[in-house]
Amino acid sequence: MAAADTMTSGVAGRYASALFDLAKTAGSTDAVAANLGALSGLIAESADLKQMIESPILSADDQGKAISAVLEKAGADALTSNFVKLTAKNRRLFALPAMIKAFLALVAEDKGEVTAEVTAAHPLSDEQTKDLQATIKAAVGQDVSVTTDIDPAILGGLIVKIGSKMIDASVKTRLNSMKFAMKEVG
């Protein structure tokens, strides 16, 4: 329960919790999760979209119009669209990625799944994501929901975080380890 309390604290957690309650009541948690997952992917892939979301200079109206166009193009359902537009209207669009992450964690918890946060250097294909889910499921013994963040700075490999456990198999970390080992030898 402490993990759930931590998950729903802060602005992102409160918004995610409210959306989860609405989606659960409407029986559309899977649809909203799919829409938010797709939106999260768009944000990760587009530097312009990410900049627009994080921009304090753009007005709430301008952000709302821009995000509405993105949602329409992505084919998001009404509940997801209304939620994201509300975050723009309330000047909370900067917290949207954290809201999405918190919402997906609430959905996974509701389904009895474990959430794995994966950081990769580039977007994973559907096949790679399915293979990763299967591998993690075999390791933890539970169904797994995977959320992916893209960070080119890790150069390659993956960083997988499940709860308080983290496995860092990134190229950047391995290179740093080699660098320190070389300094100790020389």
Side-chain angles (χ1 to χ4, degrees), residues 1-17 20 33-56 70 74 87 92-186:
M1 191 61 154
D5 290 341
T6 303
M7 179 64 64
T8 58
S9 65
V11 170
R14 288 190 303 270
Y15 273 74
S17 191
F20 179 76
N35 287 317
L36 289 177
L39 181 58
S40 180
L42 291 174
I43 293 168
E45 292 172 7
S46 173
D48 291 338
L49 180 57
K50 185 173 182 173
Q51 185 177 8
M52 185 276 298
I53 285 172
E54 295 174 349
S55 176
V70 170
T87 62
R92 299 288 187 257
L93 207 52
F94 68 90
L96 185 60
M99 290 176 197
I100 292 171
K101 188 179 285 189
F103 178 83
L104 295 176
L106 288 170
V107 171
E109 182 182 331
D110 188 56
K111 291 180 176 182
E113 296 176 340
V114 174
T115 301
E117 297 175 21
V118 177
T119 303
H122 54 82
L124 300 176
S125 69
D126 290 340
E127 184 177 322
Q128 289 171 322
T129 302
K130 287 179 185 175
D131 289 346
L132 184 60
Q133 279 180 310
T135 302
I136 296 171
K137 181 179 179 177
V140 298
Q142 284 182 282
D143 287 336
V144 178
S145 171
V146 174
T147 60
T148 307
D149 290 326
I150 307 303
D151 182 6
I154 69 169
L155 303 175
L158 298 171
I159 300 172
V160 180
K161 188 174 179 184
I162 303 170
S164 62
K165 296 178 184 176
M166 183 173 85
I167 300 168
D168 188 345
S170 66
V171 172
K172 181 178 179 179
T173 299
R174 290 181 182 185
L175 288 173
N176 283 338
S177 296
M178 288 175 56
K179 179 176 149 184
F180 291 125
M182 299 283 282
K183 282 185 179 180
E184 288 178 8
V185 171

The salt bridge (charged side-chain N to carboxylate O under 4.0 Å, His left out) partners of K130 (sequence neighbours excluded) come to none
Practice item. Start with the C-alpha distance between N176 and K172, add both sets of side-chain angles, then the distance that settles side-chain contact (heavy atoms from CB on, under 4.5 Å), and finish with yes or no. Key: CA-CA 6 Å; N176 283 338; K172 181 178 179 179; 4.1 Å; yes
Problem - Within-4.5 Å side-chain heavy-atom neighbours: L39 and V70 - result: yes
Nearest heavy-atom approach of A44 to I150 is CB-CG1, 3.9 Å
Across all chains, not counting sequence neighbours, the salt bridge (charged side-chain N to carboxylate O under 4.0 Å, His left out) partners of D149 are K101
Closest non-hydrogen atoms of A16 and F103, given as atom of the first, atom of the second and distance, are CB-N, 3.5 Å
In this structure, OG of S55 is separated from CZ of F94 (nearest 0.5 Å) by 12.5 Å
Correct closest heavy-atom pair for S145 and A108 would be CB-CB, 3.7 Å
Applying side-chain contact (heavy atoms from CB on, under 4.5 Å) to T135 and not counting sequence neighbours gives none
Tell me, do V146 and L124 make a side-chain contact under 4.5 Å, heavy atoms counted?
-> no
One should read off an interatomic distance between D131 CG and S125 OG, to the nearest 0.5 angstrom, of 7.5 Å
The reported gap from CG in L158 to CG in D151 (rounded to nearest 0.5 angstrom) is 12.0 Å
Quick note, salt bridge (Lys or Arg N to Asp or Glu O under 4.0 Å) partners involving residues 34-48, not counting sequence neighbours, are none
So NE2 of H122 and CD of Q128: to nearest 0.5 Å the spacing works out to 6.5 Å
d(L175 CG, L155 CG) to nearest 0.5 Å is 6.5 Å
Salt bridge (charged side-chain N to carboxylate O under 4.0 Å, His left out) filter on K50, not counting sequence neighbours, yields none
Here the pair of heavy atoms bringing G157 nearest to V171 is N-CG2, 4.1 Å
Shortest non-hydrogen pair, A12 vs A95, comes out as CB-O, 4.3 Å
Of all heavy-atom pairs linking T115 and A105, the shortest is OG1-CA, 3.8 Å
What side-chain donor-acceptor pairs closer than 3.5 Å can you find for residues 162-170, not counting sequence neighbours?
residue, atom, partner, partner atom, Å
D168, OD1, S170, N, 3.0
D168, OD1, S170, OG, 2.7
D168, OD1, T173, OG1, 3.1
D168, OD2, T173, OG1, 2.7
S170, OG, T173, N, 3.3
S170, OG, T173, OG1, 2.9

If we ignore hydrogens and angles and just use 3.5 Å, is the side chain of E113 paired with the main-chain N or O of D143 as donor and acceptor? no
Any L93 side-chain heavy atom under 4.5 Å of M52 side chain:
yes
Rounding to 0.5 Å, atoms CD1 (I154) and OG1 (T119) come to a distance of 6.0 Å
